[in-house]
Amino acid sequence: MASELLNVSQVFAGTEDKPILHGVDLSVGEGECHVLMGPNGAGKSTLGHVIMGDPTYRVTGGSISFNGADLTDASADKRSLAGIFLSYQAPVEVPGVPLYSFLRTICQMRPELKTTARKFRQRVGEIADQLDLDQSFLMRELNVGFSGGEKKKIEMLQLLLLRPKLAILDETDSGLDVDALGVVSRGIEAYRKECDGALIVITHNTRILERLEVDRTHVMVKGHMVAEGPASLISDIDANGFERFEREAAEKGIISPKTGDAE
């Protein structure tokens with residue numbers, strides 16, 4: 001059994017005026033691949049952002065530990081330096097900051113990733129080629145004017161370059177065409193093979209999961225973690241949807257119409 005890397009214990013969180021997560025538990029071992037599924041509004045994205053330390057959300061109860069350290073009150077930059085990576089549904093544009101400079105600065109902040117300028121340039125070029133990313137993009141402003149698929153490729157480049165201990169992929173397949181999805185899938189496969197990192201894939205469909213070897217599947221409904229099972233649970237959800245999980249949770253009194261349901 002893999003050593004525990006991430007432990008989310010009875011976490012309650014939300015925005016200033018709306019509770020979203022209600023006593024959520026999640027445990028991820030080193031090198032494991034977990035899938036987090038649920039209908040729209042289940043709180044999946046919120047959980048990913050709370051683990052990353054997004055200041056938009058406030059944790060009002062519970063704890064988050066990573067690699068043996070309590071990160072419940074840690075800032076997002078400290079969590080990043082500890083080895084947590086979050087791929088956003090809609091990566092933001094950062095005018096005035098060249099992508100190459102951004103990547104170089106991040107790597108210089110991580111002692112284990114520091115290297116000479118020549119070796120860094122070579123490594124970035126190799127990853128760009130691996131992802132079919134035109135290296136001219138490296139000189140452009142971060143995500144400015146990039147298509148959705150190009151932004152996702154850039155995130156995969158960051159993932160492979162930074163080699164985090166845990167990568168959280170939030171709806172990474174959203175809006176991608178077949179070609180872009182194939183590139184992203186290759187990037188995820190390379191991360192799993194080359195970095196041996198743990199993975200949390202947040203999604204409500206199963207296209208991006210086809211090539212992944214999944215260890216555990218989790219289902220969220222209205223801010224509650226209502227089910228957990230093996231990889232075979234994905235096929236069940238693909239065939240039958242989430243209605244039974246919502247029904248069972250309501251029958252058990254876990255959820256009610258008053259429970260917050262925004263992501």
Side-chain angles (χ1 to χ4, degrees), residues 2 4-8 26-36 44-57 64-69 71-72 74-92 94 97 99-100 102-115 120 123-124 127-128 130-131 133 142-143 146 150-174 176 183-203 208-209 212 214-215 218:
E4 185 176 69
L5 179 65
L6 172 74
N7 182 270
V8 177
L26 177 64
S27 178
V28 178
E30 293 180 355
E32 291 183 344
C33 177
H34 289 236
V35 174
L36 181 59
K44 307 182 299 297
S45 293
T46 294
L47 178 57
H49 283 252
V50 166
I51 293 172
M52 190 69 242
D54 186 337
T56 304
Y57 302 97
I64 300 171
S65 64
F66 180 74
N67 206 25
L71 294 184
T72 309
S75 60
D77 62 318
K78 290 182 178 178
R79 299 186 197 210
S80 176
L81 292 175
I84 302 177
F85 175 93
L86 174 64
S87 169
Y88 290 83
Q89 285 189 43
V92 298
V94 187
V97 178
L99 171 59
Y100 186 87
F102 170 75
L103 296 173
R104 179 66 170 155
T105 299
I106 292 176
C107 287
Q108 288 297 99
M109 295 174 67
R110 297 264 300 274
E112 72 277 17
L113 296 178
K114 282 187 176 181
T115 186
F120 178 79
R123 177 58 179 155
V124 172
I127 297 173
Q130 185 178 1
L131 297 173
L133 179 69
L142 180 57
N143 288 328
F146 290 10
E150 290 164 348
K151 288 180 179 180
K152 297 299 183 180
K153 287 183 181 181
I154 295 302
E155 286 198 318
M156 290 301 102
L157 187 152
Q158 293 177 51
L159 176 65
L160 294 176
L161 182 64
L162 298 178
R163 304 174 67 87
K165 296 183 180 74
L166 170 67
I168 304 169
L169 307 184
D170 185 12
E171 303 284 3
T172 299
D173 54 342
S174 178
L176 297 184
V183 172
V184 168
S185 295
R186 292 204 309 273
I188 296 172
E189 283 184 289
Y191 166 71
R192 295 282 286 157
K193 182 178 180 180
E194 299 171 13
C195 308
D196 196 29
L199 194 64
I200 298 176
V201 182
I202 300 172
T203 185
I208 203 169
L209 306 176
L212 283 176
V214 175
D215 293 291
H218 310 265

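Computed from heavy atoms alone, side chains included, the values below leave out hydrogens, waters and symmetry copies. Position 1 is the first residue of the sequence, and the numbers go up from there.
- The side-chain hydrogen bond (donor to acceptor under 3.5 Å, both in side chains) check on N7 picks up E4, with sequence neighbours excluded.
- Every residue two or more places apart in sequence or in another chain that forms a side-chain hydrogen bond (donor to acceptor under 3.5 Å, both in side chains) with Q108 is listed here: R104.
- Once rounded to the nearest 0.5 Å, the distance linking OH of Y191 with CG of L160 reads 9.5 Å.
- Every residue two or more places apart in sequence or in another chain that forms a side-chain hydrogen bond (donor to acceptor under 3.5 Å, both in side chains) with T56 is listed here: D54.
- Every side chain to side chain contact (heavy atoms under 4.5 Å, CB included) that C107 has, sequence neighbours left out, goes to L113, F120, L161, L162.
- When the side chain to side chain contact (heavy atoms under 4.5 Å, CB included) test is applied to T72, the partners found at least two apart in sequence or on another chain are V59, S63, I64, D70.
- In this view, R110 and E112 satisfy the salt bridge (Lys or Arg N to Asp or Glu O under 4.0 Å) rule, not counting sequence neighbours.
- Side-chain atoms of D170 never come within 3.5 Å of backbone atoms of Y88 as a donor-acceptor pair (strictly under, hydrogens ignored).
- Every residue two or more places apart in sequence or in another chain that forms a salt bridge (Lys or Arg N to Asp or Glu O under 4.0 Å) with E189 is listed here: R211.
- Not counting sequence neighbours, the partners of S75 by the side-chain hydrogen bond (donor to acceptor under 3.5 Å, both in side chains) test are D77.
- Rounding to the nearest 0.5 angstrom, the gap separating the CG atom in L36 from the CD1 atom in I168 is 10.0 Å.
- Residues that satisfy the side chain to side chain contact (heavy atoms under 4.5 Å, CB included) test with K151, not counting sequence neighbours, are P91, E93, N143, F146.
- Rounding to the nearest 0.5 angstrom, the gap separating the CE atom in M52 from the OG atom in S80 is 5.0 Å.
- Of all heavy-atom pairs between G29 and A198, the closest is O-CB, 3.7 Å.
- A 4.5 Å side-chain heavy-atom check between H218 and H34 finds at least one atom pair inside the cut-off.
- With hydrogens and angles ignored, the 3.5 Å screen pairs a side-chain donor or acceptor of R192 with a backbone N or O of G31.
- We find the CG-OG1 distance between L169 and T203 to be 10.0 Å, quoted to the nearest 0.5 Å.
- Counting only residues at least two apart or on different chains, the side chain to side chain donor-acceptor pair (under 3.5 Å) pairs with a member in residues 152-161 are S87-E155.
- Counting heavy atoms from C-beta on, the side chains of L166 and F85 never come closer than 4.5 Å.
- When the salt bridge (Lys or Arg N to Asp or Glu O under 4.0 Å) test is applied to E194, the partners found at least two apart in sequence or on another chain are R123.
- Between T172 and V201, every side-chain heavy-atom pair lies at or beyond the 4.5 Å cut-off.
- Side-chain atoms of L199 and L212, non-hydrogen and from C-beta on, do get closer than 4.5 Å to each other.
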*Could you go step by step and tell me if M156 and V183 meet the side-chain contact (heavy atoms from CB on, under 4.5 Å) rule?*
CA-CA 9 Å; M156 290 301 102; V183 172; 5.9 Å; no
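- The minimum heavy-atom distance between K78 and A74, with the atom names listed, is CB-CB, 4.4 Å.
- Among all heavy-atom pairs drawn from I202 and G48, the shortest one is CD1-CA, 4.0 Å.
- D196 is linked by a side chain to side chain contact (heavy atoms under 4.5 Å, CB included) to nothing, counting only residues two or more places apart in sequence or in another chain.
- With rounding to the nearest 0.5 angstrom, the CD1 atom of I51 is 10.5 Å from the NE2 atom of H49.
- In this structure the side chain of I84 never reaches within 4.5 angstrom of the side chain of P164, judged on heavy atoms.
- Considering all non-hydrogen atoms of both residues, L71 and R79 come closest at O-NH2, 2.7 Å.
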*Would you check, one step at a time, whether the test side-chain contact (heavy atoms from CB on, under 4.5 Å) holds for L26 with I200?*
CA-CA 10 Å; L26 177 64; I200 298 176; 4.0 Å; yes
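- Looking only at distances, no side-chain donor or acceptor of Y57 sits under 3.5 Å from a matching main-chain atom of L47.
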